Amino acid sequence: MSSETPFDSCPAPYRENERVQLGHGSGGAMTTQLVEGLFLPAFSNDTLSRLDDQAVIDPPKGRLAFTTDSYVVTPIFFPGGDIGSLAIHGTVNDLAMCGAQPLFISAAFILEEGLLLSDLRRIVLSMAAAARAAGVSIVTGDTKVVGKGSGDQVFINTSGIGTVPDGLEISASRARPGDAVLVSGTLGDHGLAIMAARQSLGLEGELRSDSASLHELVAALIAACPGVHALRDPTRGGVATTLFEVAARAGVGVEVDETALPVRDDVRGACEILGLDPLYVANEGKLVAFVAPAEADAALAALRAHPLGKNAARIGTATTAHAGDVFLRTRIGALRALLRPHGELLPRIC
């Protein structure tokens, strides 16, 4: 590769002011420079290095879990993460919520003409680091370029494959009346960090996304608590929306104790200023678990023993009453129906 190409032998732009051009999506020499100069060195593995139009992998043992998602977050860099690491964490977490061990990921990039190649490099290297930390391989992918004004810098689509151990059945439909409802940590961290960064709000405190891969936390929970019935990561719409989803699929009601909700002081303060409810604000590194009541204490201890679950709390109970609905037991003891969200509270947070 000559010194006149936008990339040299390491995954870095040749000039920091270089930008994505339509030619980078043409399939020709510029596409090759992008793939072989940036993506391939960053995501390097034997399967990807074949540069075929598909990944040929040996079938893993056990049942397969498969997921897909797209990431359109703005801004693309935010306190605690960026669109690249978020794409890996989100895909890993979607697999983990059924107890799967994540193994392989595909990554497709839609780039807007004019995106700084230095920003693309930063995203790709962050994505690669997140994949290595999670123990997954990015084995296939694609790149398209759209004209300036037809996108918003970069969108990423990912798909993931993992394996589920025989005999493990975790699903929203398996939640049961009497189940303890647990969260693995503080509410609303990601959504507030995105909003503060997007609007340059200058709020007090250190608002940071909680974006993280949760598969090891889930494995520790399952090892301590075989009676895990349902798991969800409360992303768009926050914990409240997640509880509504589980309640509807399992035909149970949910009662939440307001005094038990773990919320950081800076997040709570920002929500009060902005008129938001932390229950409806997204996380990207937390889980909600419905577990058999006899195993609730063991489950909570297992979560708290892991760094990603140190602020875990028991926040409520699944009930036979008001199936499909979620109620909040307020600080003064009143029972108030939560509203199912309509519309988008915080658009483009993932």
Side-chain angles (χ1 to χ4, degrees), residues 80-81 85 89-90 92-102 130 133-135 165 168 170 172 174-176 178-193 205-235 238-240 242-243 246 254-268 271 278-279 281-318 326 328-329 331:
S85 58
H89 295 157
V92 166
N93 293 346
D94 284 346
L95 293 170
M97 292 307 108
C98 69
Q101 173 64 39
L168 185 63
I170 298 175
R174 290 177 57 82
R176 296 290 183 264
D179 278 356
V181 181
L182 314 178
V183 294
S184 63
T186 51
L187 279 57
D189 297 347
H190 177 73
L192 261 295
E206 189 178 355
L207 295 172
R208 293 180 61 83
S209 171
D210 59 344
S211 181
S213 293
L214 298 175
H215 58 298
E216 292 181 350
L217 178 65
V218 171
L221 173 62
I222 292 171
C225 178
V228 176
H229 292 151
L231 292 172
R232 281 295 178 94
D233 53 335
T235 56
V239 167
T242 297
L243 295 178
V246 176
V254 178
E255 292 187 7
V256 177
D257 180 0
E258 184 177 25
T259 64
L261 298 175
V263 182
R264 286 166 48 105
D265 288 341
D266 52 359
V267 170
R268 189 185 305 278
C271 283
L279 272 168
V281 181
N283 288 96
E284 288 290 348
K286 304 297 189 319
L287 62 81
V288 173
F290 284 67
V291 304
E295 297 184 348
D297 290 342
L300 195 57
L303 291 174
R304 289 175 173 170
H306 191 282
L308 293 178
K310 62 183 180 181
N311 294 313
R314 180 174 181 169
I315 64 167
T317 305
V326 181
L328 182 72
R329 181 71 65 180
R331 296 179 185 277

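Being a predicted model, the structure only gives us computed values, none of them experimental.
The closest donor-acceptor contact from the side chain of Glu255 to the backbone of Thr317 lies at 3.5 Å or more, if one exists at all. With hydrogens and angles disregarded, a donor-acceptor distance shorter than 3.5 Å links the side chain of Ser184 to the backbone of Leu287. Distance alone, capped at 3.5 Å, is enough to place a donor-acceptor pair between the Arg176 side chain and the Arg174 backbone. Side chain of Glu284 to main chain of His190: no donor-acceptor pair is present (N/O by atom type, distance under 3.5 Å, no hydrogens or angles).
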Exercise. Stepwise, does the side chain to side chain contact (heavy atoms under 4.5 Å, CB included) test hold for Leu303 with Leu217?
Worked result: CA-CA 7 Å; Leu303 291 174; Leu217 178 65; 3.7 Å; yes
For this session: I would like to know whether Lys286 and Asp189 meet side chain to side chain contact (heavy atoms under 4.5 Å, CB included); could you show each step before the answer?
Result: CA-CA 10 Å; Lys286 304 297 189 319; Asp189 297 347; 3.1 Å; yes
Exercise. Taking it one step at a time, do Leu328 and Leu279 satisfy side chain to side chain contact (heavy atoms under 4.5 Å, CB included)?
Worked result: CA-CA 10 Å; Leu328 182 72; Leu279 272 168; 4.2 Å; yes
Problem set entry | side chain to side chain contact (heavy atoms under 4.5 Å, CB included) evaluation trace for Thr235 with Asn93 | CA-CA 10 Å; Thr235 56; Asn93 293 346; over 6 Å; no
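Distance CD1/Ile315 to CG/Leu243: 5.5 Å, rounded to 0.5 Å. A distance of 9.0 Å separates CZ of Arg264 from CZ of Arg208, quoted to the nearest 0.5 Å. Atom NE2 of His215 is separated from atom CD1 of Ile222 by 12.0 Å, given to the nearest 0.5 angstrom.
When side chains are defined from C-beta on, Val256 does not count as touching Val181, because their heavy atoms never get closer than 4.5 Å. A heavy-atom distance below 4.5 Å is found between the side chains of Leu187 and Pro262. Under the 4.5 Å side-chain criterion, counting only non-hydrogen atoms from C-beta, Val239 is in contact with Val288. Using a 4.5 Å heavy-atom threshold, the side chains of Val267 and Thr186 count as separate. Contact annotation: the side chain of Asp233 never approaches that of Asn283 to less than 4.5 Å [non-hydrogen atoms, C-beta and beyond]. At a threshold of 4.5 Å between non-hydrogen side-chain atoms, the residues Met97 and Leu214 count as touching.
The two residues Ser211 and Gly80 have their closest heavy-atom pair at CB-O, 4.5 Å. Shown here for Val218 and Gly99, the closest heavy-atom pair between the two residues is CG1-CA, 4.3 Å.
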